[in-house]
Amino acid sequence: MLDIKRIREDREVVQKGLESRGADTAVIERVCALDGKRRAMLAEVETLKSERNRASKEIGQLKKDGKDIEKARSAMRELGDRIAESDKQIRVVDEELRAVMLTIPNVPHVGIPIGADSKANRFVRAYGEPKKFNFKAKTHVELGETLGILDLTRAARMSGAGFPLFVREGARLERALINFMLDLHVKEHGYTEIAPPVLCNAAAMTGTGQLPKMAEDMYYLKEDNLYMIPTAEVPVTNYYMDEIITEALPLRMTAYTPCFRREAGAAGKETRGIIRVHQFDKVEMVKFVEPETSYNELELLLGDAEDVLRRLGLPYRIMELCTGDISFAAAKCYDIELWAPGQNDWLEVSSCSNFEDFQARRIGIRYRDGKGRIRFVHTLNGSGVALARLLVAILENGQQEDGSIVLPENIIPYMDGMKEIRKPGS
RNA sequence: GGAGAGGUGGCUGAGUGGUUGAAAGCAGCGGUUUGCUAAACCGCGGUACUGGUUAAGGCCGGUACCGGGGGUUCGAAUCCCCCCCUCUCCGCCA
């Protein structure tokens with residue numbers, strides 16, 4: 001959520017920022033009108049309340065002195081009704097204002113590329129060379145099904161299209177990668193590991209920005225009024241909901257969770273294999289930092305995500321998303337894309353964003369600065385990294401002509417020394 | 001799921017329908033004392049919204065806030081209703 005005071009005082013800048021990301025700016029007009037109305041009403045009712053408080057105190061005194069209070073009481077009764085009526089009207093305006101505020105996306109950071117869609121994203125840097133084979137590269141589906149470590153047929157039978165089912169070394173590799181990434185972030189990058197709930201309520205979903213706009217994309221359990229998380233960003237960021245953080249900043253947290261996405265409207269797009277699925281595992285990183293440091297922390301966060309891929313020897317590139325491509329809550333965002341030879345394309349496996357105080361304002365996460373002032377923290381998050389697609393890249397990059405997979409060196413210890421995945425008996 | 005007990009400031013914990021924004025203690029901040037630290041003593045406090053004022057830090061007001069939401073009342077932390085959460089016991093259960 002944007003700061004209403006910022007909209008009031010810096011309307012031009014906010015409006016320009018929102019325009020640059022293609023957002024509707026007419027809402028700003030509406031917000032300002034509602035805000036003005038609200039403040040006028042507040043001034044009025046607060047004067048009445050002030051009078052009521054004064055009179056009530058007086059009545060208390062009269063009663064104490066044993067004097068007649070009936071006259072004063074009946075006079076006050078009418079005032080009470082007027083106050084109740086005004087309060088009711090203000091509540092309506094308040095709710096309307098809040099509802100509108102929740103639909104306004106974050107203002108993009110000034111330095112990021114301006115553009116309507118991903119074509120305007122800026123190449124930042126690359127690591128490694130896209131792999132070339134002297135045979136035709138197979139897709140992860142061909143490789144995985146032939147090796148018997150990926151079984152989409154059985155998955156579809158029990159759950160439908162878009163659910164992964166890993167078998168034997170496939171399942172083992174999934175687990176190994178989770179452990180590898182968590183160990184890296186905890187032991188070397190200084191993150192605190194948590195294992196959070198994967199069902200969250202509407203308040204949490206609104207806090208990180210999934211609601212109200214992404215409701216269609218989430219699985220919702222009506223009986224319990226809970227949503228299945230589309231990313232661990234939700235429970236990890238909401239860890240400090242409505243708190244004033246007393247620990248020293250920056251705070252770094254990491255969590256492995258499954259993630260659930262309905263992918264409504266994505267039918268037919270990247271549906272082959274496990275690139276876009278309804279359920280996938282992910283290791284997520286979240287940071288709570290002081291405002292002054294958040295852009296530096298974003299670079300460090302990106303570095304932590306990159307480190308995962310470097311250690312796995314996978315070629316990747318980093319793109320800085322343009323104004324039209326960043327997510328609702330983000331002010332700045334980098335994507336990391338892995339090269340997948342079987343797809344002959346780049347796969348997004350990580351997204352590292354700075355939300356500034358946008359989420360903190362919605363969730364109520366604050367801290368005390370050096371002067372003892374209470375301020376909103378800045379929140380950041382980054383995938384570290386998404387698993388189904390990482391697995392795709394490992395299979396497709398590690399493939400040999402006979403369909404076997406050479407595993408990245410750093411994952412071998414997590415596989416009990418297994419260096420390759422081969423078909424049983426070959 | 002059933003029964004009971006609770007939810008008060010950063011924390012612990014008092015609280016009679018009427019100067020209670022809220023005792024007390026701890027922590028915190030400021031000060032005095034002091035080679036330094038510690039201790040002792042004195043003093044100060046919250047948050048949000050909002051108005052005025054200031055170049056600004058700030059200063060001076062108003063309103064609201066004692067789990068959340070309704071209600072009674074001139075007036076509610078205090079009384080009533082609904083909901084949520086925590087704890088104890090019972091039941092069920094990986």
Side-chain angles (χ1 to χ4, degrees), chain A residues 1-10 31-102 195-207 221-227 235 238-249 251 258 288 291-292 357 359-377:
Chain A
M1 190 151 49
L2 298 178
D3 185 356
I4 185 77
K5 286 180 195 147
R6 185 178 169 199
I7 296 177
R8 218 181 276 156
E9 287 156 21
D10 244 345
V31 161
C32 289
L34 285 168
D35 178 50
K37 192 172 164 192
R38 174 176 170 271
R39 283 192 292 160
M41 291 166 91
L42 269 182
E44 200 184 314
V45 77
E46 285 182 1
T47 308
L48 298 182
K49 284 182 178 174
S50 179
E51 167 60 16
R52 179 177 68 181
N53 287 345
R54 195 196 54 75
S56 289
K57 218 171 263 182
E58 215 171 85
I59 292 172
Q61 192 57 45
L62 287 174
K63 202 179 166 190
K64 210 167 155 191
D65 299 344
K67 292 183 182 147
D68 176 50
I69 58 171
E70 212 32 63
K71 206 175 144 198
R73 261 176 67 175
S74 51
M76 279 301 105
R77 201 164 293 155
E78 193 214 346
L79 183 61
D81 291 344
R82 276 174 70 194
I83 289 171
E85 181 56 32
S86 295
D87 271 343
K88 218 164 101 190
Q89 285 173 18
I90 289 169
R91 206 174 312 138
V92 171
V93 174
D94 264 342
E95 271 162 28
E96 195 180 346
L97 181 59
R98 179 175 161 76
V100 178
M101 288 293 285
L102 285 175
V198 299
L199 301 183
C200 286
N201 60 28
M205 290 295 175
T206 305
L221 287 80
K222 199 176 161 204
E223 293 288 300
D224 302 284
N225 201 14
L226 290 167
Y227 297 82
N238 277 288
Y239 184 87
Y240 286 108
M241 183 192 284
D242 290 326
E243 288 190 40
I244 296 168
I245 296 177
T246 51
E247 293 99 316
L249 301 180
L251 286 168
F288 305 89
E292 289 72 19
D357 65 4
Q359 293 180 324
R361 212 170 266 289
R362 289 173 162 234
I363 303 174
I365 308 179
R366 299 177 296 170
Y367 79 107
R368 274 180 213 279
D369 70 10
K371 290 176 188 149
R373 280 180 310 183
I374 290 179
R375 302 169 70 193
F376 287 107
V377 299

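First the proteins, then the strands, lettered A, B, ... as listed; each starts at 1.
- In this structure, CG of N225(A) is placed 15 Å from C1' of rG68(B), rounded to the nearest angstrom.
- Across all strands shown, rA24(B) forms a Watson-Crick or G-U wobble pair with rU12(B), both key distances being under 3.5 Å.
- The two residues M205(A) and C200(A) have their closest heavy-atom pair at CE-CB, 3.9 Å.
- Across the strands present, rG1(B) finds its partner in rC90(B); the criterion is a Watson-Crick or G-U wobble pair with both atom distances under 3.5 angstrom.
- Closest heavy-atom contact between Y367(A) and I244(A): CA-CG2, 4.1 Å.
- Distance check on atom C1': rU78(B) versus rG21(B) gives 15 Å, rounded to whole Å.
- Comparing rC49(B), rC74(B), rU63(B) against the side chain of S56(A) picks out rC74(B) as the nearest.
- With distances taken from any side-chain atom of R366(A) to the nucleotides rA48(B), rG75(B), rU63(B), the minimum falls on rA48(B).
- Counting heavy atoms of neighbouring residues, nucleotides and ligands inside a 6.0 Å radius, atom CD of E78(A) does not exceed 12 of them.
- R82(A) comes within 4.0 angstrom of nothing in the nucleic acid, heavy atoms only.
- Atom P of rU8(B) sits at a distance of 25 Å from the matching atom of rG2(B), rounded to the whole Å.
- D10(A) and R6(A) are not joined by a salt bridge, as no carboxylate oxygen comes within less than 4.0 angstrom of a charged side-chain nitrogen.
- Note: CD (E78(A)) to P (rU73(B)) measures 16 Å, nearest angstrom.
- Here the nucleotide nearest the side chain of I374(A), chosen from rG75(B), rG62(B), rU47(B), is rU47(B).
- Applying the 4.0 Å criterion to OP1 and OP2 of rU50(B), one finds that R8(A) has a side-chain N or O inside that range.
- Of the nucleotides present, rA48(B) is the one that pairs with rU63(B) by Watson-Crick or G-U wobble criteria, both distances under 3.5 Å.
- If you take CD1 of I90(A) and P of rU50(B), they are 12 Å apart, rounded to a whole angstrom.
- Across all strands shown, rU33(B) forms no Watson-Crick or G-U wobble pair with both distances under 3.5 Å.
- Using a 4.0 Å heavy-atom distance criterion, T246(A) is classed as making no nucleic acid contact.
- With rC74(B), rA48(B), rU63(B) as the choices, the nucleotide that has an atom nearest any side-chain atom of S50(A) turns out to be rU63(B).
- The listed nucleotides are rC49(B), rU47(B), rG51(B); the one nearest the side chain of R368(A) is rU47(B).
- As rounded to the nearest Å, rU54(B) and rU16(B) have P atoms that lie 47 Å from one another.
- Listed nucleotides: rA48(B), rG75(B), rU50(B). Nearest to the side chain of R38(A): rU50(B).
- When the C1' atom is used for both rA48(B) and rG9(B), the distance is 14 Å, rounded to whole Å.
- The separation between E51(A) atom CD and rG61(B) atom C1' is 16 Å, rounded to whole Å.
- Looking at the side chain of R73(A), the nearest of the listed nucleotides rC49(B), rU73(B), rU63(B) is rU73(B).
- Residue F376(A) places its CZ atom among more than 12 non-hydrogen atoms of other residues, nucleotides or ligands, all under 6.0 Å distant.
- Atom pair K49(A):NZ and rA64(B):P shows a separation of 6 Å (rounding to whole Å applied).
- Residue K57(A) is out of contact with every strand shown, counting any heavy-atom pair closer than 4.0 Å.
- Atom C1' of nucleotide rC65(B) and atom CG of D87(A) are separated by 14 Å, given to the nearest angstrom.
- Other residues, nucleotides and ligands place more than 12 heavy atoms under 6.0 Å from the CZ atom of R8(A).
- Of the candidate nucleotides rG51(B), rA48(B), rG62(B), rG51(B) has the atom lying nearest to any side-chain atom of R39(A).
- The side chain of N53(A) lies closest to rA64(B), out of rU50(B), rC74(B), rA64(B).
- Taking atom P on both rC29(B) and rU37(B), the two are 14 Å apart, rounded to the nearest angstrom.
- Atoms CD (E46(A)) and P (rA48(B)) sit 16 Å apart, rounded to a whole Å.
- Contact annotation for I59(A): base contact, defined as any heavy-atom pair under 4.0 Å involving a base atom.
- When the nearest nucleotides of RNA chain B are assigned to L42(A) and R91(A) by heavy-atom distance, the more 5′-ward of the two goes with L42(A).
- The separation of rG46(B) from rG28(B), taken at their C1' atoms, amounts to 12 Å, rounded to a whole angstrom.
- Under the Watson-Crick or G-U wobble criterion, with both distances below 3.5 Å, rC74(B) is paired with rG18(B).
- Spacing between rG35(B) and rC26(B) at atom C1', rounded to whole Å, works out to 30 Å.
- Residue R77(A) places at least one side-chain N or O closer than 4.0 Å to OP1 or OP2 of rC74(B).
- rG45(B) shows a glycosidic angle within 90° of 0 and is accordingly assigned syn.
- Taking every heavy atom of both residues into account, V377(A) and F288(A) meet most closely at CG2-CD2, 4.4 Å.
- Comparing A43(A) and Q61(A) by the nucleotide of RNA chain B that holds the closest heavy atom to each, the one mapping nearer the 5' end is Q61(A).
- Between the CE atom of M76(A) and the P atom of rA76(B) there is a distance of 14 Å, given to the nearest Å.
- When Watson-Crick and G-U wobble pairs are counted only if both distances are under 3.5 Å, rA38(B) pairs with no nucleotide at all.
- Here, rG6(B) and rC59(B) have their P atoms 42 Å apart, quoted to the whole Å.
- Judged by distance alone, the side chain of R38(A) and the main-chain N or O of D94(A) form no donor-acceptor pair under 3.5 Å.
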